[in-house]
Amino acid sequence: MNLTGRVRVDRKTKNLISRIQPHEIAVIDHEDLDEVAARSLVKAKVKAVLNAKASISGKYPTPGPLILIQNNVPLLDNLGEDILRLRDGQIVELQGNGIYLENVLFLGGQPQSLESITEKMEQCKANMQDSLEKFVENTLFHAKRERSLILGEPNLPPLKTQIHGRQVLIVVRGKNYCEDLKTVRSYIREMRPVLIGVDGGADALYENGYKPDLIFGDMDSVSDEALSSGAEIVVHAYTDGQAPGQKRVQKMHLEEKIFAVPGTSEDGAMLLAYHSGAELIVAVGTHSNVIDFLEKGRSGMASTLLTRIKIGSILVDAKGVSLLYSSQKKIRPVLQVVLASAFPFLMVLYISSVVSQLARLLLLKFKLSLGL
């Protein structure tokens with residue numbers, strides 16, 4: 001690993017992704033780099049990634065580091081807190097496992113390779129059983145504590161967006177969100193559901209040509225552009241009354257409403273739609289399995305489990321639908337059916353004397369017009 005470039009530093013990877021420029025070096029503080037973050041770094045065309053922590057700790061087989069390596073993005077791990085002392089725009093040189101400032105060694109780390117990541121992934125499989133047991137225990141413990149909060153009737157904010165009796169599409173910037181969103185284009189076009197973006201999910205809608213009707217969440221990963229789009233803004237508050245995203249919205253002089261509910265913001269968005277009388281809820285990019293939650297740094301999924309128990313009768317989870325259905329893959333079979341069905345019709349035309357004579361007349365006229 002020998003390269004030189006400008007650094008961009010941020011403890012939160014999702015914040016860094018919104019600021020980093022192509023061919024800059026990303027400096028992050030992200031243990032167990034998740035798939036969404038890794039793909040976003042690749043999409044941002046970073047030159048390399050320097051991580052203060054271990055991109056794969058061994059707790060579970062997170063795919064993020066492998067995605068970086070497979071896309072030829074150099075990764076240097078376990079650099080410690082000192083790497084975060086670098087300032088945006090500083091030029092650093094990477095040589096082997098060392099980082100140099102003005103030809104002076106600044107820090108040393110652990111360069112990752114396909115072999116080292118693969119070996120670590122194998123170790124993760126052995127540790128996964130313990131992680132699963134702790135995850136299940138934590139989920140059941142918190143489910144007992146939160147069941148009355150989730151299964152009760154929350155205080156809904158007065159919404160301008162008409163949800164009652166309509167279908168709702170909730171978009172979260174999770175695994176395969178972009179592919180799944182493209183796959184449900186026909187559904188959006190035909191049913192015109194209420195479009196709810198959960199934090200960065202609002203930008204995901206924008207990237208695919210849609211304007212969100214409502215934005216819900218902590219407002220920590222949604223862009224200013226999306227917040228200023230005219231969408232109704234509902235800030236996620238917790239049961240203790242704290243609403244971390246409210247200050248940002250107020251600073252932008254935008255109108256906001258508050259919805260207090262335990263759990264994740266995507267859980268809150270689903271409960272908001274459900275209690276507002278949605279006819280059907282279609283979810284894209286949501287987190288629904290153990291790996292999803294471990295990637296988010298959560299030790300359990302109590303609120304998500306309870307939310308899905310409550311709204312399950314009207315919930316359609318589109319997660320992974322792009323893997324089951326692809327319009328591109330269906331083009332060839334459709335063409336085969338069309339050609340097969342057209343064959344008898346073409347044969348009738350061929351043996352018909354009237355059509356045959358007409359064809360000869362047209363051919364003769366064509367030759368005369370060319371002087372042949």
Taking [Y]'s backbone N and O only, do any of them form a donor-acceptor pair with [X]'s side chain (distance below 3.5 Å, no angle check)?
{"X": "Asp213", "Y": "Leu195", "answer": "yes"}
{"X": "Arg248", "Y": "Asp218", "answer": "no"}
{"X": "His236", "Y": "Val261", "answer": "yes"}
{"X": "Ser228", "Y": "Asp224", "answer": "yes"}
{"X": "Asp29", "Y": "Ala52", "answer": "no"}
{"X": "Ser57", "Y": "Asp32", "answer": "no"}
{"X": "Asp199", "Y": "Met219", "answer": "yes"}
{"X": "Lys47", "Y": "Thr4", "answer": "yes"}
{"X": "Asp180", "Y": "Val284", "answer": "no"}
{"X": "Asn71", "Y": "Val73", "answer": "no"}

Atom pair [atom1] ([X]) and [atom2] ([Y]), whose distance is rounded to the nearest 0.5 Å:
{"X": "Asp220", "Y": "Ser265", "atom1": "CG", "atom2": "OG", "value": "7.0 Å"}
{"X": "Cys178", "Y": "Arg39", "atom1": "SG", "atom2": "CZ", "value": "11.0 Å"}
{"X": "Arg173", "Y": "Asp203", "atom1": "CZ", "atom2": "CG", "value": "5.5 Å"}
{"X": "Glu115", "Y": "Glu119", "atom1": "CD", "atom2": "CD", "value": "10.0 Å"}
{"X": "Leu84", "Y": "Leu79", "atom1": "CG", "atom2": "CG", "value": "9.0 Å"}
{"X": "Leu181", "Y": "Glu179", "atom1": "CG", "atom2": "CD", "value": "10.0 Å"}

Flag side-chain contact, heavy atom, 4.5 Å: [X] against [Y]:
{"X": "Ile56", "Y": "Met121", "value": "yes"}
{"X": "Leu169", "Y": "Tyr210", "value": "no"}
{"X": "Ile83", "Y": "Leu76", "value": "no"}
{"X": "Tyr206", "Y": "Ser223", "value": "no"}
{"X": "Ile28", "Y": "Leu33", "value": "yes"}
{"X": "Asn208", "Y": "Val171", "value": "no"}
{"X": "Val168", "Y": "Pro193", "value": "no"}
{"X": "Gln90", "Y": "Phe106", "value": "no"}

Should [X] and [Y] be regarded as members of a common hydrophobic cluster, given that ILVMFWY residues are connected when their side-chain heavy atoms come within less than 4.5 Å of each other, either directly or indirectly?
{"X": "Val234", "Y": "Ile258", "value": "no"}
{"X": "Val198", "Y": "Ile163", "value": "yes"}
{"X": "Ile25", "Y": "Tyr100", "value": "no"}
{"X": "Ile20", "Y": "Ile91", "value": "no"}
{"X": "Ile215", "Y": "Ile170", "value": "no"}

Requested in this report: Before accepting this row, confirm whether a basic side-chain N of the pair Asp88/Arg19 lies closer than 4.0 Å to the acidic partner's carboxylate O.
Outcome: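 The answer is yes: the pair qualifies as a salt bridge.
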Query raised in the report: Do NZ/NE/NH1/NH2 and the carboxylate oxygens of Arg11 and Glu81 come within less than 4.0 Å?
Result: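 Salt bridge present between Arg11 and Glu81.
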Measure across [X] and [Y] and return the closest heavy-atom pair with its distance rounded to 0.1 Å.
{"X": "Gln167", "Y": "Tyr187", "value": "OE1-OH, 2.8 Å"}
{"X": "Leu94", "Y": "Val92", "value": "CD1-CG2, 3.8 Å"}
{"X": "Leu156", "Y": "His275", "value": "CD1-O, 3.2 Å"}
{"X": "Phe259", "Y": "Pro154", "value": "CE1-CB, 3.7 Å"}
{"X": "Pro65", "Y": "Ser55", "value": "CG-O, 3.3 Å"}
{"X": "Ala38", "Y": "Gly64", "value": "CB-O, 3.4 Å"}

Requested in this report: With sequence neighbours excluded, give me every salt bridge (Lys or Arg N to Asp or Glu O under 4.0 Å) pair touching residues 225-235.
Outcome: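 Passing the test, one end in residues 225-235: Glu232-Lys257.
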Requested in this report: Run the numbers on Asp317 and Arg308 for side-chain contact (heavy atoms from CB on, under 4.5 Å), then give the verdict.
Outcome: CA-CA 10 Å; Asp317 196 336; Arg308 279 163 170 71; 4.0 Å; yes
Requested in this report: For Met191 and Leu280, run side-chain contact (heavy atoms from CB on, under 4.5 Å): C-alpha distance rounded to whole Å, both residues' side-chain angles, the deciding distance at 0.1 Å, then the answer.
Outcome: CA-CA 11 Å; Met191 302 307 299; Leu280 184 75; over 6 Å; no
Query raised in the report: If you count the non-hydrogen atoms of other residues, nucleotides and ligands that lie under 6.0 Å from CG in Asn2, is the total more than 12?
Result: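 For Asn2, atom CG is crowded (more than 12 foreign heavy atoms under 6.0 Å).
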Report task. Evaluate the side-chain contact (heavy atoms from CB on, under 4.5 Å) criterion for residues His164 and Gln162: first the C-alpha distance (whole Å), next the side-chain angles of each, then the deciding distance (0.1 Å), finally the verdict. Result -> CA-CA 6 Å; His164 185 80; Gln162 179 61 41; 3.3 Å; yes
Requested in this report: Give the C-alpha distance, both sets of side-chain angles, the deciding distance and a yes or no for side-chain contact (heavy atoms from CB on, under 4.5 Å) between Leu214 and Leu272.
Outcome: CA-CA 11 Å; Leu214 187 148; Leu272 179 65; 4.2 Å; yes
